[in-house]
Amino acid sequence: QVQLVESGGGLVQAGGSLRLTCAGSGRSFSWSAMGWFRQAPGKERKFVASINWSGGKEYEDSVKGRFTISRDNTKNSVYLQMNSLKPEDTAVYYCAGDLSGSYPYYVPAYWGKGTLVTVSS
């Protein structure tokens with residue numbers, strides 16, 4: 001059974017940092033594009049960042065310069081380092097695996113269950 005499990009969410013003050021981790025199991029994601037999406041309360045799920053098999057990265061405009069996506073294929077894991085967090089970053093963050101399509105209309109084959117990030121002002 002293929003699974004993506006997120007961790008690292010929580011409550012942080014504006015200006016603070018969090019690092020999200022997504023651990024994959026059930027298959028290797030080493031050759032797959034991986035990404036992060038987020039869904040704020042009452043809004044649709046949206047693309048945040050992606051990383052392809054060779055390390056190429058893409059970011060949604062509002063997080064450029066603040067968020068960094070990375071991966072460790074030896075651990076079958078993807079990370080999202082979030083700095084200078086703002087209240088508008090508050091959302092459930094979802095790991096996405098085996099992305100198809102192109103920025104910003106990626107379609108994942110796999111989803112994690114999400115981790116909540118709350119940024120207080």
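Model, not experiment: these values are computed from the prediction.
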Exercise. Which pair of non-hydrogen atoms, one from Lys64 and one from Tyr59, has the smallest distance, and what is that distance?
Worked result: CE-O, 3.3 Å
Problem set entry | Backbone N/O of Met34 and side chain of Ser32: donor-acceptor pair under 3.5 Å | no
For this session: State whether the side chain of Gln81 and the backbone N or O of Thr68 hold a donor-acceptor pair below 3.5 Å, judged by distance alone.
Result: no
Problem set entry | Between OG on residue Ser120 and CD on residue Gln13, distance to nearest 0.5 Å | 5.0 Å
Seminar exercise, completed: Smallest heavy-atom separation, Val48 atom then Val63 atom, equals O-CG2, 3.8 Å
Problem set entry | Where at least one partner belongs to residues 98-121, residue pairs that pass ring pair (Phe, Tyr, Trp, His ring centres under 6.0 Å), sequence neighbours excluded | Phe29-Tyr110, Phe37-Trp111, Phe47-Tyr103, Phe47-Tyr106
Exercise. Can you list the steps and then say if Tyr93 with Met82 is a side chain to side chain contact (heavy atoms under 4.5 Å, CB included)?
Worked result: CA-CA 11 Å; Tyr93 284 71; Met82 305 186 294; 3.8 Å; yes
Exercise. Which ILVMFWY residues are connected to Tyr79, directly or by a chain of links, through side-chain heavy atoms under 4.5 Å apart?
Worked result: none
For this session: Could you walk me through whether Asp98 and Val2 pass the side chain to side chain contact (heavy atoms under 4.5 Å, CB included) test, one step at a time?
Result: CA-CA 11 Å; Asp98 205 8; Val2 178; over 6 Å; no
For this session: Please assess Val5 against Ser25 for the test side chain to side chain contact (heavy atoms under 4.5 Å, CB included), listing each intermediate value before the final yes or no.
Result: CA-CA 8 Å; Val5 179; Ser25 62; 5.8 Å; no
Exercise. Is a side-chain donor or acceptor of Thr115 paired with a backbone partner of Gly9 at a separation under 3.5 angstrom?
Worked result: yes
Problem set entry | Nearest atoms (heavy-atom pairs only) where Leu20 meets Trp36 | CB-CH2, 3.6 Å
Exercise. Are Tyr94 and Val119 connected, step by step, through hydrophobic side chains (Ile, Leu, Val, Met, Phe, Trp, Tyr) whose heavy atoms are closer than 4.5 Å?
Worked result: no
Exercise. In the hydrophobic clustering that connects Ile, Leu, Val, Met, Phe, Trp and Tyr at side-chain heavy-atom distances below 4.5 Å, which members other than Val107 occupy its cluster, ordered by chain and number?
Worked result: none
Exercise. When you measure from the side chain of Lys57 to the backbone N and O of Ile69, does any donor-acceptor pair fall under 3.5 Å?
Worked result: yes
Seminar exercise, completed: Between the CG atom in Asn52 and the CZ atom in Arg71, the distance rounded to the nearest 0.5 Å is 7.5 Å
Exercise. If you round to the nearest 0.5 Å, how far is OG of Ser17 from CG of Asn83?
Worked result: 3.5 Å
Exercise. Just by modelled atom types, is the Val92 backbone N or O under 3.5 Å from a matching donor or acceptor in the Arg38 side chain?
Worked result: no
Exercise. If you measure from OG on Ser77 to CG on Asp72, what distance do you get to the nearest 0.5 Å?
Worked result: 6.5 Å
Exercise. What distance separates Thr90 OG1 from Leu116 CG, expressed to the nearest 0.5 Å?
Worked result: 8.0 Å
Seminar exercise, completed: Trp53 and Ser30 have their tightest heavy-atom pair at CB-O, 3.8 Å
Exercise. NZ of Lys43: more than 12 outside heavy atoms within 6.0 angstrom?
Worked result: no
Exercise. Between the side chain of Glu6 and the main-chain N/O of Lys113, is any donor-acceptor distance below 3.5 Å?
Worked result: yes
For this session: Quick one: pull up OG1 in Thr118 and CG in Asp89 and give me the separation to the nearest 0.5 Å.
Result: 11.0 Å
